[in-house]
2 protein chains.
Amino acid sequence: MIYNRTNFCYTPKTWAISQVPQNLSEVNVRMSETLSDKEISLTFMKGLQVLAVFDATNREMTISDIAKKTKLNRTVVRRLLLTLEMMNYVECRNRLYRLTPRILRLAGGFLQSREIGKYATPILTNYSRIIRESISFAMLDGDEAVYVAHSPGDPAMITMGFTVGSRLPLHATAIGRTLLSFVEQNKQQELLKSISPRAYTPCTLTDKEDIIESLKESASLGYCLVQDEFEEGVTSLGVPVQHESGTLIGALGIVGPNPRFSDKEILENKKELLVECAASIAAIL
Amino acid sequence: MIYNRTNFCYTPKTWAISQVPQNLSEVNVRMSETLSDKEISLTFMKGLQVLAVFDATNREMTISDIAKKTKLNRTVVRRLLLTLEMMNYVECRNRLYRLTPRILRLAGGFLQSREIGKYATPILTNYSRIIRESISFAMLDGDEAVYVAHSPGDPAMITMGFTVGSRLPLHATAIGRTLLSFVEQNKQQELLKSISPRAYTPCTLTDKEDIIESLKESASLGYCLVQDEFEEGVTSLGVPVQHESGTLIGALGIVGPNPRFSDKEILENKKELLVECAASIAAIL
DNA sequence: TTTTTATTGTCCGATTATCGAACATATGAT
DNA sequence: ATCATATGTTCGATAATCGGACAATAAAAA
């Protein structure tokens, strides 16, 4: 007998409530109310947590790293990583685990859907030629805007590193504020409650009243212009992509140094083209 | 007492071996040999299977659809889908489940990694301006080439619907054959064994000897040119992206109607620029 | 080198989360 | 109305997961 388990302690599903949703704001509140806890698969949740810790800044991690970040038991993380490795979603090079291109298979169904992959992207590219700006198509995900399609225009512009999958705050960017402005009212209320507006620059609107004011303005104008609020010297323009019914699908945005947007006429022209582009995309969705 | 379980039968882990890897060729053979089956998490595997059935052609499905496709028990699929729904990775609109933008969080760590998102994409865009062609960056995943970055050049070109996450066969495309040609020898052998070359057009090389011949030619030339083999009237050009050490990272490719590649000089020029682009990308990886 | 520290690998009993047949119900087509 | 199909729900059986404990290994410090 080698193992001497004196104070063996099996802590049961307590963590299931306290720990699984990485940040509570992300979990749809209505869901957690209606869905009873036993209807869900805890192991799968943990696995998804493990996958989700790989982000832009954490590209490769050790088992322990991931265990710390996810607050999961190390041996559990290990088993999940081995599972991922066996399925070729991750690879391990001297103890550092990283995602493989196989991971795109999980998102592939979304990215390559007819709507986005096949139709939206070409339209974006088309208009980016006309407007001579890099156009992004973002959708609402929790309290963030997510780029789901992107037409790189000016190479200098995308050096900021925004690509498909990039996430932006809703309150400080034009594309985000557009989403916030044109989303259905009750969702807007909910989001406004949940977000805590961080000041990216001294210009960032952090007071919720101010933000609401800006949203109202955008709603009446049909577009949103944000200057210096996410990055100083940078202006962004956003327009909504809506169904005929008015329901929000997403938003288009262009970004550039302030001077590009200073001329009223040019701005107006860009806006109109962007609106046209949004209509084209809405039409095929 | 309502329930009358006469012939209750609990079929245990038999499926774990027989059914989990959706197609066996995809599972790294060495893995399944070294990794014992109890070191992996079966529930997580099933969850990943469920996510993976969402692809370009199956964008929204019912629980039963997914159960059939994954060959998993319906109630199991249901539980997994509810888990995904609770975590906002899928949404359900009148019984049809579909992926949400949240899914990009799983792939985000890959797409936005410094290498690909921040550096590679701008370089691609840059060179696509110079070459005046849409350039794609693909990596090897199993027996397919996966687009991990893409610079849409000519809008007409990408109407084919290839975007990030798209998958191409290795044997019938230039970018795929480039990967196959420049990958390490034993991996090449392995892949050649596993693939069964489908004839996409009458021109497609389906005889493995012929393919090997073509691979050798590409290896000596340093690039790969494939005409009419994936789609008639279409030519594609591929060059490898390699570390200084020679290890393959991925491949760049451009695609277009045959006439674009017919002029020897223009072709040579495009090739050289593409090689240059590949070197730039290799340098920052 | 040796010591220390951190990370990883492995074991295996305890126990719970998962499984899935069975039944009930809802939906939709003919 | 009838049939067919999809979904919701239950609950006992049990197999998969959990995780503390220890060993082995690697990395860092003395």
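Since we're looking at a predicted model, the values are computed, not measured. Numbered from 1 within each chain, the chains take letters A, B, ... in sequence-line order.
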- Message: Among residues at least two apart in sequence or on other chains, which ones pass ring-ring contact (aromatic ring centres under 6.0 Å, His included) with B/Tyr119?
- Response: none
- Query: Among D/dT17, C/dT18, D/dA21, which is the nearest nucleotide to the side chain of A/Thr75?
  - Reply: D/dA21
- Query: Roughly how many Å is it from CG in A/Leu72 to C1' in C/dA17, rounded to a whole number?
  - Reply: 15 Å
- Message: Using the side-chain heavy atoms of B/Val76, tell me which of these nucleotides is nearest: C/dA17, D/dG19, C/dC19.
- Response: C/dC19
- With sequence neighbours excluded, what pairs up with B/Ala278 under the side chain to side chain contact (heavy atoms under 4.5 Å, CB included) test? B/Val239, B/Val241, B/Leu252
- Query: Between atom CG in A/Asn73 and atom C1' in C/dT10, what is the gap in whole Å?
  - Reply: 13 Å
- Give the angle between the helix axes at the two ends of the helix from C/dT1-D/dA30 to C/dT30-D/dA1, taking five base pairs at each end and rounding to 10°. 50°
- Taking C-beta and beyond as the side chain, do A/Glu190 and A/Lys193 meet within less than 4.5 Å on heavy atoms? no
- Message: Looking at B/Thr43, I'd like to know whether one of its side-chain N or O atoms comes within less than 4.0 Å of OP1 or OP2 on D/dT17.
- Response: yes
- Applying side-chain hydrogen bond (donor to acceptor under 3.5 Å, both in side chains), name anything that partners A/Gln188, two or more places apart in sequence or on another chain. none
- Task: Just jot down the salt bridge (Lys or Arg N to Asp or Glu O under 4.0 Å) partners of B/Arg78, sequence neighbours excluded, or say none.
- Result: A/Glu39
- Nearest-Å distance, CZ (A/Arg79) to C1' (C/dT18)? 14 Å
- Sequence neighbours left out, what passes salt bridge (Lys or Arg N to Asp or Glu O under 4.0 Å) with B/Glu184? Give chain and number order. none
- Message: Just N and O in the side chain of A/Lys46: are any of them under 4.0 Å from OP1 or OP2 of D/dT17?
- Response: no
- Query: Whole Å only: how far is the CG atom of B/Asn94 from the P atom of C/dA26?
  - Reply: 17 Å
- Mind calculating the distance between CE (B/Met45) and P (C/dC19) to the nearest angstrom? 13 Å
- Message: Which heavy atom of B/Arg59 sits nearest to which heavy atom of A/Ser113, and what is that distance?
- Response: CD-CB, 2.8 Å
- Task: Can you sort out the partners of A/Thr247 under side chain to side chain contact (heavy atoms under 4.5 Å, CB included), two or more places apart, ordered by chain and number?
- Result: A/His243, A/Ser245
Pick out the pairs of N or O atoms, protein on one side and nucleotides 4-8 of chain C on the other, that lie under 3.5 Å.
from  : atom 1 : to      : atom 2 : distance (Å)
C/dT8 : OP1    : A/Ile63 : N      : 3.4
C/dT8 : OP2    : A/Ser64 : N      : 2.8
C/dT8 : OP2    : A/Ser64 : OG     : 2.2

- Task: Could you tell me which residues satisfy side-chain hydrogen bond (donor to acceptor under 3.5 Å, both in side chains) with A/Thr178, sequence neighbours excluded, listed by chain and number?
- Result: none
